[in-house]
Amino acid sequence: MPALARSDDRVFVEVVQNVNDVIQNPVFLLAFTGAPLLTAVSAWQLRGTPRPRRWVYAALLAHGLAFLVTVALNIPLNDRLAEAGTPATAAGASAVREEFEDPWVAWNVVRTVLSACALGLLARALVLYGRAGRPAGSGRQTSAYLASAAGSSARR
């Protein structure tokens, strides 16, 4: 969006309309819904581990809020931009852009912050999960493979 902000109004409207058309595909849908779905699966799998689970639930909430912002705010703005069609005049393009750009960018920043928070919360959950798996007093966690190979003469 910062690069598009430098464009004239007609170019801005046309490019954003094209992006909105192209982005609607199965790959994007998988990426868009995959993060919250996989976070929900993680929350379900961690239901017996209270500390990491809380962090995953918080990440799930952040993903859910980002999804809600997208569906309730950004997509309707995209739809209104598409309904505007290709503005015939510079004044028309300016009016369409004026209605779209600032609110869309603001809500996109909210989505980005929520997604970044979700990532940070999941990273914290992963750290706590890793610590929970260590034997008491152990500084390092050993994989099952390395534990079974401890008596082996094979080099690591």
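Side chains are part of it too, since the values below use all heavy atoms of this structure and drop only hydrogens, waters and symmetry mates.
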Between [atom1] of [X] and [atom2] of [Y], what distance do you get to the nearest 0.5 Å?
X	Y	atom1	atom2	value
Ser115	Phe32	OG	CZ	8.5 Å
Leu61	Leu114	CG	CG	8.5 Å
Leu60	Leu65	CG	CG	9.5 Å

At their closest point, which heavy atom of [X] faces which heavy atom of [Y], and how far apart are they?
X	Y	value
Arg97	Ala5	NH2-O, 3.1 Å
Asn74	Asn108	ND2-N, 3.9 Å
Arg80	Leu77	NH2-CD2, 3.0 Å
Arg111	Val69	CG-CG1, 3.5 Å
Ala90	Arg10	N-NH2, 4.0 Å
Pro87	Val96	CG-CG2, 4.3 Å

Within the 4.5 Å heavy-atom criterion, are [X] and [Y] side-chain neighbours or not?
X	Y	value
Asp79	Ile75	yes
Ser7	Leu4	yes
Phe12	Glu101	yes
Val13	Thr86	no
Trp104	Met1	yes
Leu126	Leu122	no

Do the side chains of [X] and [Y] join up, straight or via other hydrophobic residues, at under 4.5 Å, putting them in one cluster?
X	Y	result
Val113	Val110	no
Phe67	Leu38	no
Phe100	Trp107	no
Leu37	Leu68	no
Phe28	Val71	yes

Pairs involving residues 17-36, ordered by first then second residue, that meet side chain to side chain donor-acceptor pair (under 3.5 Å) (sequence neighbours left out):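 Output for this query lists Asn20-Asn78.
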Please list every donor-acceptor pair under 3.5 Å in which a side-chain atom of residues 46-59 meets a protein atom from a residue at least two apart or in another chain.
residue, atom, partner, partner atom, Å
Arg47, NH1, Trp44, O, 2.6
Thr49, OG1, Leu46, O, 3.0
Arg53, NH1, Arg47, O, 2.5

side-chain hydrogen bond (donor to acceptor under 3.5 Å, both in side chains) involving Ser94 - partner list, sequence neighbours excluded: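 In terms of side-chain hydrogen bond (donor to acceptor under 3.5 Å, both in side chains), with neighbours along the sequence ignored, Ser94 is linked to Asp9.
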